[in-house]
Amino acid sequence: MIHITKRHPWMLWTDSICPAFSDKPASNVIAGGEDYTVEIDFEYDNTVGGTRKELFAIVPFYTGISIVNNEIFVGIGNLSGDKFLPTGILVEPNIKTNIQLEHKANQTLKLFINRKEVVSYDLKGDPLKVNTVPQMFIGSGLWPEGQEEDVEHLKFYELQIRSKTELIAHHKFEEFIHSKSIDLTGNCNFLFKLR
């Protein structure tokens, strides 16, 4: 398990470590042109109401999940532009929760909470814009500038990324090497803490 603040988010950016390091770079799969599923087990606190808690964000064309006042918001980086949509779905603070975001390329983007489908967005007329240099932030939606709050609102227990056919990244945040979380699949999709 790791605790995350907005000032010190974690990141998946396979190309930043070494472009040819991984045989199955997860960043390429989540770029927006392929089927993928991002699954996280997390917990958050709501000691500061109104504070946006970014669970994860795939950028630069933003696709991700946030919590504001206990409500889940989904960011969608469509060809027509980025959208930040409320779901009307509330999740309780201080309770371990499982969320999955499932992308079917040019078809749908579905949100599951504790294995139950709660929202489905039609992408047929407006698919995700494909990121050419994809990066995934954990606990933030952008590069921190150093002025962000340094309060641990998020706990991450597990993160998994699946392609259409297999699990390609798996982190339980228990094993680390050189300040990087070890990818349990052996595909070397390391997560690392910024700053």
Side-chain angles (χ1 to χ4, degrees), residues 1-14 16-17 21-31 34-46 52-59 62-67 70-75 87 89-104 109-119 134-141 151-194:
M1 175 183 63
I2 55 172
H3 295 262
I4 297 182
T5 73
K6 284 187 177 181
R7 191 176 300 178
H8 303 287
W10 285 65
M11 181 170 233
L12 170 77
W13 188 9
T14 320
S16 72
I17 296 173
F21 197 59
S22 176
D23 291 333
K24 298 175 184 175
S27 53
N28 292 351
V29 173
I30 61 173
E34 299 181 30
D35 293 0
Y36 67 79
T37 301
V38 175
E39 180 177 354
I40 57 171
D41 291 323
F42 74 97
E43 184 178 328
Y44 78 100
D45 74 46
N46 206 20
R52 179 171 164 176
K53 294 156 186 72
E54 300 274 2
L55 298 181
F56 70 86
I58 301 163
V59 296
Y62 180 96
T63 296
I65 298 182
S66 303
I67 300 173
N70 301 342
E71 182 178 359
I72 296 285
F73 283 73
V74 177
T87 65
I89 307 296
L90 302 178
V91 291
E92 293 296 322
N94 305 310
I95 294 176
K96 188 174 177 181
T97 304
N98 175 275
I99 285 189
Q100 296 175 53
L101 190 67
E102 177 187 276
H103 175 247
K104 299 287 186 192
L109 189 68
K110 294 182 179 183
L111 175 66
F112 297 81
I113 299 178
N114 295 325
R115 312 273 188 250
K116 179 183 176 188
E117 182 181 326
V118 294
V119 180
Q135 305 155 28
M136 181 179 181
F137 289 99
I138 312 295
S140 180
V151 179
E152 295 178 343
H153 288 302
L154 293 167
K155 295 178 191 173
F156 282 82
Y157 295 93
E158 192 167 0
L159 179 139
Q160 298 178 60
I161 300 173
R162 290 181 181 81
S163 69
K164 185 175 184 176
T165 58
E166 64 185 310
L167 179 65
I168 58 170
H170 187 191
H171 294 267
K172 287 192 173 182
F173 308 107
E174 296 170 347
E175 294 184 63
F176 301 88
I177 185 169
H178 302 294
S179 303
K180 295 171 184 65
S181 174
I182 293 176
D183 176 8
L184 300 176
T185 67
N187 291 325
C188 298
N189 288 299
F190 295 107
L191 288 171
F192 58 93
K193 185 176 182 179
L194 293 179

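Just so we're clear, the structure is a prediction, and the values are computed from it rather than from any experiment.
Within the model, atoms CD1 of Ile2 and CG of Leu191 stand 7.0 Å from one another, a figure rounded to the nearest 0.5 Å. With rounding to the nearest 0.5 angstrom, the CD1 atom of Ile177 is 6.5 Å from the CZ atom of Phe190. Atom CE in Met11 sits 8.5 Å away from atom OG in Ser140 (nearest 0.5 Å). For the atom pair Glu43 CD and Glu92 CD, the distance stands at 12.0 Å (nearest 0.5 Å). Atom CE in Met1 sits 10.0 Å away from atom CD in Glu174 (nearest 0.5 Å). Note that the CD atom of Glu117 and the NZ atom of Lys110 stand 4.5 Å from one another [nearest 0.5 Å].
Heavy atoms only, all atoms of each residue included: Ile161 and Ala26 are closest at CD1-CB, 4.1 Å. Taking every heavy atom of both residues into account, Thr97 and Ile95 meet most closely at OG1-O, 3.0 Å.
Salt bridge Glu102/Arg162: absent, no basic N to carboxylate O contact under 4.0 Å. Contact check on Glu39 versus Arg115 returns a salt bridge, with a Lys/Arg side-chain nitrogen under 4.0 Å from an Asp/Glu carboxylate oxygen.
Between the side chain of Asn189 and the main chain of Ala169, no donor-acceptor pair closer than 3.5 Å is present.
Looking at Ser163 and Val29, their side chains come closer than 4.5 Å, going by heavy atoms from C-beta outward. Two residues are said to be in side-chain contact when any heavy atoms from C-beta on lie closer than 4.5 Å; Leu109 and Thr63 meet this criterion. Counting only heavy atoms from C-beta outward, the side chains of Ile30 and Met136 approach each other to under 4.5 Å. Side-chain atoms of Asn28 and Tyr36, non-hydrogen and from C-beta on, never get closer than 4.5 Å to each other. Considering only heavy atoms from C-beta on, Glu175 comes within 4.5 Å of Leu184 through its side chain. Using a 4.5 Å heavy-atom cutoff, the side chains of Val118 and Thr87 are not in contact. Side-chain atoms of Ile40 and Phe156, non-hydrogen and from C-beta on, do get closer than 4.5 Å to each other. The side-chain heavy atoms of Asn98 and Ile113, taken from C-beta on, include no pair separated by under 4.5 Å.
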### Task
Output, in order, the C-alpha distance, side-chain angles, deciding distance and verdict of side-chain contact (heavy atoms from CB on, under 4.5 Å) for Gln100 and Gln160.
CA-CA 9 Å; Gln100 296 175 53; Gln160 298 178 60; over 6 Å; no
#### Entry: Stepwise side-chain contact (heavy atoms from CB on, under 4.5 Å) check, Thr37 with Leu101
CA-CA 6 Å; Thr37 301; Leu101 190 67; over 6 Å; no
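A donor atom on one side chain and an acceptor atom on the other are not found under 3.5 Å apart for His103 and Glu34. Glu54 and Ser66 share a donor-acceptor pair across their side chains, judged by distance under 3.5 Å alone. Judged purely by distance below 3.5 Å, without hydrogens or angles, the side chains of Tyr44 and Asn70 pair a donor atom with an acceptor atom. A donor-acceptor pair shorter than 3.5 Å can be found between the side chains of Ser181 and His171.
Tested against Phe42, the residues Ile67, Leu159, Ile65 include a single side-chain contact (heavy atoms from CB on, under 4.5 Å) partner, Ile67.
Taking the six-membered ring for Trp and thresholds of 30 and 60 degrees, Phe173 and Trp10 have ring planes more than 60 degrees apart, a perpendicular arrangement.
Residues passing the side chain to side chain contact (heavy atoms under 4.5 Å, CB included) test with Lys96, sequence neighbours excluded: Asp41, Tyr157.
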